[in-house]
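Computed from a prediction, not measured in an experiment: that's the story for all the values here.
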Amino acid sequence: MKLRKLSWLVALSMTAGLASSPATVNANQAVDATSSTPEYFQHHRPQFHFSPKQAWMNDPNGMVYHNGEYHLFFQHYPDGTKWGPMHWGHAVSKDLVHWQELPIALFPDDKGWIFSGSAVLDKNNTSGLGTAENPPLVAIFTYHNKVAEAARAENVQTQALAYSLDNGRSWQKYAGNPVLEGGKIADFRDPKVFWHDESNQWVMALAVQNRIGFYASTNLKDWHHLSDFGAAYGAHGGYWECPDLIKMQVEGTQEEKYVLLVSLNPGGPNGGSGTQYFVGDFDGKTFTMDPAFKSEVTKIPAVFPQQQIFEDFESGIDKWTTEGDSFNQSPIKAGANEFIGRYGAQLANSFNTGDASTGKLISQTFKIEKPYINFVIAGGKYPKDAAMNLIVDDQIVAYATGNNSGSMSIASWDVSKWQGKKARLEIVDRATGPWGHISVDQIVFADTPAKSAIEPAVWLDYGADNYAGVTWSGIEDGRHLFIGWMNNWAYANEVPTDQWRGAMTIPRELKLHKTAKGYRVASVPTTELNKLQQNTETGSNLVVKQTVRLDKQVQFATELADISLNVNMLQANEFKIVLANDLNEQAVISLNSKTGVLSVDRTQAGQQRFDEDFPMVQVAPISTKQNYSVRIVQDVASIEVFVEDGKSTITSLVFPNKPFNQIHLQSEQSSLVTNWQISQLKSIW
């Protein structure tokens with residue numbers, strides 16, 4: 001995400017999270033649906049993925065199945081197409097395919113904006129918010145108080161309840177909100193709640209900065225802490241978000257395990273956002289990882305040599321020169337759960353009272369005597385506008401930024417070529433957009449570079465565009481049904497759509513397998529997607545050497561398509577599926593049996609100038625073997641790839657200037673498509 005002039009001052013000037021006029025509506029106040037027919041055929045509008053009629057959408061929330069309906073709530077800003085004061089939007093479906101958008105369910109109020117959460121049917125009325133005859137749907141969500149955040153006060157994020165007695169059509173906020181406070185923990189959010197039969201209690205999985213906190217309640221109102229998990233396991237390139245603890249049966253066995261989904265931003269496998277998972281057991285109090293899985297995701301600690309400390313900010317910033325107002329509160333004293341990865345109690349931070357502040361912190365001149373300068377840094381990813389710069393001979397010779405995260409990352413500069421020269425450091429904040437601030441701590445001159453921790457992880461989806469996904473509660477047929485936000489925080493505010501911004505993945509079924517590598521969660525499109533098939537053709541024993549046009553094998557357009565292939569590599573090491581149009585735009589899906597890598601290359605797939613992070617080659621691990629099953633679900637602005645029955649998955653946005661209507665199969669050496677099927681899909685609008 002780069003520097004843009006956004007209207008964030010409006011948000012920060014609001015009182016206690018109150019938005020514009022719609023935000024003052026009570027949660028149970030009726031809201032009229034728009035009388036105009038929405039236009040669902042704009043350029044890049046998904047044709048079988050859910051997207052809002054208009055304005056901004058991100059994380060799925062409150063997903064619950066009740067009375068024959070799948071409820072999908074979502075993070076929503078109805079007054080703009082960039083992230084702003086959060087509401088809960090609402091849509092329902094009877095078949096997971098066709099969606100009806102309903103009026104906004106939850107509005108911000110004087111306690112804050114409405115961040116992510118979950119919903120359950122309290123069928124035994126443990127909360128007392130309904131009756132035995134009419135048990136309530138209960139939403140558990142996070143309040144985010146912007147005024148408290150700006151003041152660095154306690155309880156910036158708290159957990160709260162709302163309930164519905166009319167099948168989710170209207171919602172009343174609980175008078176006793178909040179029901180759980182985090183005190184000094186600034187990032188304390190995204191409650192996912194389920195009933196745990198064995199311990200006869202409600203269990204909440206909650207994102208608490210770099211870990212998941214588990215809490216319990218018998219009535220959804222009074223919560224107590226059970227345990228924490230995760231600080232030493234998995235990826236931690238950003239704060240953890242949107243957890244989901246799921247009890248799953250291992251396919252083909254009677255064995256049951258618990259799977260914990262954890263979203264992470266940034267730090268995903270292909271940059272920006274991603275969702276990792278952990279497999280183990282839960283006894284009603286503690287999540288314990290499977291030993292083999294634990295060995296795969298255990299962190300290798302960082303190395304940070306403490307030699308000549310130039311600045312740790314423990315004694316103030318008197319030796320530094322300040323410009324502007326962004327460092328007026330520096331050094332700030334961090335709370336026990338703030339700025340993970342910092343050293344000591346204090347650090348330089350340019351947030352002041354908000355991202356709108358700007359300024360500069362300039363060190364005294366020093367002589368470079370050691371070959372490395374090591375430090376930790378957090379904040380926005382703005383190389384020119386929110387960075388620490390090394391100045392030699394009045395030139396910037398090295399710089400570092402945050403990664404759009406509040407977690408402190410280790411950085412190291414090799415300055416050996418400037419040893420003996422005089423230099424200074426400048427910590428600069430000219431950024432006013434989201435993450436428009438910077439934090440720096442523990443600047444050390446050393447003989448060796450600092451090295452970041454190695455944090456191995458197992459990912460649910462290796463693509464760039466499947467984030468914050470969780471499963472529906474209340475599913476009656478035993479399936480674990482999942483949906484994610486089809487976007488990435490690295491560029492979400494800038495994707496080239498106008499009336500709306502944001503879409504969901506297709507709904508998927510999660511399945512737990514025991515493989516040669518250990519437990520793995522596969523995801524496949526739900527069977528309900530088949531309802532959209534309007535034409536299907538199949539074939540077999542198609543020899544591929546050089547290029548074969550698979551779209552020429554069928555008698556219908558393949559712009560919206562569900563494509564399945566079984567590929568025998570024969571003599572080939574690499575097999576490609578190229579989705580293209582007559583503008584020479586293309587997305588290339590590649591299977592490499594020698595390296596065991598699946599890739600999706602969107603560097604030539606159409607519009608990409610909106611953000612330099614967008615064009616990329618996304619990669620995922622696959623088995624090194626002879627035969628592969630591949631399924632590709634193609635909409636006008638997305639590609640979802642499922643290999644080996646969903647054990648390897650890549651979800652990717654693309655923005656071609658004309659829809660992809662060609663399917664090229666490519667192989668330099670002979671390969672064989674033993675079976676193929678293409679189904680043309682109908683629009684849901």
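When all heavy atoms of Tyr215 and Phe188 are compared, the pair lying nearest together is OH-CE1, 3.4 Å. Across all their heavy atoms, Ala119 and Val64 have their closest contact at O-CB, 3.8 Å. Scanning both residues, Leu260 and Pro243, for their nearest heavy atoms gives CD1-CB, 4.4 Å. Heavy-atom minimum distance, Tyr399 versus Pro383: CE1-CB, 3.5 Å. When all heavy atoms of Ser439 and Met408 are compared, the pair lying nearest together is O-CE, 3.9 Å.
For Thr142, the side-chain hydrogen bond (donor to acceptor under 3.5 Å, both in side chains) criterion is met by Gln159, not counting sequence neighbours. With sequence neighbours excluded, the residues forming a salt bridge (charged side-chain N to carboxylate O under 4.0 Å, His left out) with Glu241 are Arg189, listed by chain and number. Legend: residues meeting side-chain hydrogen bond (donor to acceptor under 3.5 Å, both in side chains) with Lys299, ordered by chain and number and at least two apart, are Glu455. For Lys594, the side-chain hydrogen bond (donor to acceptor under 3.5 Å, both in side chains) test picks out no residue, with sequence neighbours left out. Listed by chain and number, the residues in a side-chain hydrogen bond (donor to acceptor under 3.5 Å, both in side chains) with Asp197 are Trp195 (sequence neighbours excluded). Taking the salt bridge (charged side-chain N to carboxylate O under 4.0 Å, His left out) definition, one finds that Lys257 meets it with Asp281, sequence neighbours left out.
The closest side-chain donor-acceptor pair between Ser217 and Asn219 falls under 3.5 angstrom. Counted by atom type alone, Asn349 and Ser330 present zero donor-acceptor pairs between their side chains at under 3.5 Å. Looking at Asn210 and His236, their side chains never bring a donor and an acceptor atom within 3.5 Å of each other. Counting only N and O atoms by type, the side chains of Glu640 and His49 include a donor and acceptor under 3.5 Å apart. In this structure, a donor-acceptor pair under 3.5 Å is present between the side chains of Asp461 and Thr651. If you check the side chains of Asp59 and Ser116, you find a donor sitting under 3.5 Å from an acceptor. In this structure, a donor-acceptor pair under 3.5 Å is absent between the side chains of Arg520 and Thr515. Between the side chains of His144 and Gln157, a donor-acceptor pair is found at a separation under 3.5 Å. In summary, the side chains of Ser263 and Thr275 do present a donor paired with an acceptor at a separation below 3.5 Å, with no hydrogens or angles considered. Glu644 and Ser623 are linked by a side-chain donor-acceptor pair at a separation below 3.5 angstrom, with hydrogens and angles left out of the test.
The ring of Tyr65 has its center closer than 6.0 angstrom to the ring center of Tyr70. In this structure, Phe304 has its ring center closer than 6.0 angstrom to the ring center of Tyr343. Trp113 and Trp83 have their aromatic ring centers within a separation under 6.0 angstrom.
Once rounded to the nearest 0.5 Å, the distance linking CD of Gln249 with NZ of Lys511 reads 12.0 Å. Atom OH in Tyr519 sits 7.5 Å away from atom CG in Leu512 (nearest 0.5 Å).
Ring pair Tyr258/His196 is tilted by interplanar angle, where 30° to 60° counts as tilted. The aromatic rings of Tyr462 and Trp459 sit perpendicular, their planes meeting at an angle over 60°, well past the 30° parallel limit.
Contact check for Ile589 versus Leu598: side-chain heavy atoms found under the 4.5 Å cut-off. Residues Asn58 and Asn487 have side chains not in contact (no heavy-atom distance under 4.5 Å, counting atoms from C-beta outward). In this structure, Val179 and Leu220 have side chains that are not in contact, with every pair of non-hydrogen atoms separated by 4.5 Å or more. Side-chain contact between Trp489 and Tyr467 is present, with heavy atoms from C-beta onward closer than 4.5 Å. In this structure, the side chains of Asp465 and Thr505 stay at 4.5 Å or more apart for every pair of heavy atoms.
Here the options are Phe278, Phe282, Phe214, the test is ring-ring contact (aromatic ring centres under 6.0 Å, His included), and the partner is Phe229; only Phe278 passes.
Remark: Lys221 NZ is packed, more than 12 non-hydrogen atoms of other residues, nucleotides or ligands lying under 6.0 Å away.
The pair Glu198-Lys247 meets the salt-bridge criterion, since a charged nitrogen lies less than 4.0 angstrom from a carboxylate oxygen.
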